[in-house]
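Worksheet: one structure, shown below.
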Amino acid sequence: MTIKVPLRGEKRALLDTVVRNAELALSQAKLKRSTDLTTRNAALEEVAGALDLTEPPLRIECYDISHTMGTEVVGSMVVFEDGLPRKSEYRRFIIKGFEGSNDVAAIKEVLTRRLRRLVDERTSDVLVDATTGEAAKFAYAPALIVVDGGQPQVNAAAEVLREFGLETEIALCGLAKRLEEVWLAGEDYPVILPRASEGLYLLQRLRDEAHRFAITHHRSRRARTVVESVLDGVPGLGELRRKALLKYFGSMRKLRSATEEEIAEVPGFGPTLAAAVKAAVADTGARPSTSPPAR
């Protein structure tokens, strides 16, 4: 059997349409599944049962480590409450304690920083900002911490929980990508949830959301780096104007396709500077990207 993949023309356009429709249908199905109250409750009950918790974990924090070929290592923290994302409490952590790729050490650093803030804010008795009335950033402890990874990452996280005396208060597990196994600290064998389990689906959503949140950070940093390198020699184009360009167009691809008139509409730009920017990016569109993928 031969499988042909169209690269251009009507068949390629048809293939792109099919892919978009499939992605839309999948996202709608996921949204319906995640927003159904009964389904969310079932998922939390299944997670509690699998991890031997006394009650469903109403607040869950998930951590993922992402990097670009060992550089720009970042940890992401996402928060779900009652089975739904609480995006206002998402956080990113730039890894500072070492260089290179070491997911275990990165997990330890991220959780140490997060849990130290939790302990500090508890002992300060300042759980609410007197000015804004909002809760302190790290004031509330999760019922469950999920880390992206297997036994090494989970054991590293457990060590941090013990250091802060929180091992009996906060439950912990890891979700390994390869076989979607759920790992507990100190255990030689994983917990296996059924593939159709709502509990496993919830843990997967947490892990995937943490990864997505980290990847957006890498993309924005790479975009800034590309813009700065390409436009570095343009006379009259300082750091503030480069940032204005990136903010206005959002990506290098859109900047390349913009006309001089569109570039001139950016605040602080005029026809002369727009022409210089257009000339600087004109010959970069055909060059293949050498940026390594983030993970």
Side-chain angles (χ1 to χ4, degrees), residues 16 20 23-24 27 63-79 85-97 99 101 106 109-110 113-114 117 129 131-138 208-295:
D16 291 342
R20 286 196 298 270
E23 290 174 344
L24 178 60
S27 64
Y63 295 84
D64 176 59
I65 304 300
S66 185
H67 58 83
T68 303
M69 299 295 287
T71 65
E72 298 187 1
V73 184
V74 62
S76 63
M77 161 186 151
V78 301
V79 180
R86 190 173 178 86
K87 295 188 177 184
S88 62
E89 298 195 17
Y90 286 14
R91 297 289 181 268
R92 293 190 184 97
F93 301 80
I94 304 300
I95 302 302
K96 304 174 181 178
E99 295 182 358
S101 173
E109 178 177 331
V110 167
R113 289 161 60 182
R114 189 273 182 265
R117 288 288 300 274
D129 189 302
T131 304
T132 64
E134 297 180 352
K137 287 183 178 180
F138 294 100
D208 294 346
E209 179 70 353
H211 188 62
R212 180 203 64 79
F213 188 56
I215 290 299
T216 58
H217 166 81
H218 283 290
R219 288 174 177 166
S220 64
R221 291 191 67 169
R222 285 204 302 271
R224 287 197 299 271
T225 300
V226 170
V227 169
E228 290 171 0
S229 62
V230 171
L231 302 178
D232 194 44
V234 177
L237 191 66
E239 181 180 355
L240 292 179
R241 284 176 172 166
R242 285 199 299 267
K243 288 182 178 179
L245 271 178
L246 181 60
K247 182 178 180 180
Y248 189 89
F249 290 103
S251 69
M252 192 65 184
R253 181 180 60 82
K254 291 182 179 179
L255 176 58
R256 289 191 190 107
S257 62
T259 64
E260 290 185 20
E261 290 75 16
E262 290 171 332
I263 297 174
E265 292 177 359
V266 179
F269 284 71
T272 303
L273 186 54
V277 169
K278 184 64 179 177
V281 302
D283 66 339
T284 63
R287 299 175 186 174
S289 173
T290 57
S291 299
R295 65 161 299 279

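Quick caveat: nothing in here was measured; it's all calculated off a predicted structure. Note that the numbering runs from 1 along the sequence shown for the chain.
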Would you say Arg113 and Lys96 make side-chain contact, with heavy atoms under 4.5 Å? yes

Non-hydrogen atoms of Ile65 and Gly75 that approach each other most closely: CD1-CA, 3.8 Å

Between Arg212 and Glu209, is there a salt bridge with N-O shorter than 4.0 Å? yes

Point-to-point distance, once rounded to the nearest 0.5 Å, from CG of Asp64 to NE2 of His211: 6.0 Å

Under 3.5 Å donor-acceptor, Arg92 side chain and Val74 backbone: no

Could you tell me the separation between the OG atom of Ser257 and the CD atom of Glu262, rounded to the nearest 0.5 Å? 7.5 Å

Is there a donor-acceptor pair closer than 3.5 Å between any side-chain N or O of Lys278 and the backbone N or O of Arg256? yes

Roughly how far apart are Leu237 CG and Leu245 CG, rounded to 0.5 Å? 6.0 Å

In Å and rounded to the nearest 0.5 Å, what is the CZ to CZ distance from Phe93 to Arg114? 7.5 Å

Relative to each other, are the rings of Tyr90 and Phe213 parallel, tilted or perpendicular (30° and 60° limits)? perpendicular

Is any side-chain heavy atom of Leu273 closer than 4.5 Å to one of Arg241? yes

Measuring from atom CD1 of Ile263 to atom CG of Leu255, what distance do you get when rounded to the nearest 0.5 angstrom? 5.0 Å

Nearest heavy-atom neighbours spanning Val78 and Ala210: CG1-CA, 3.6 Å

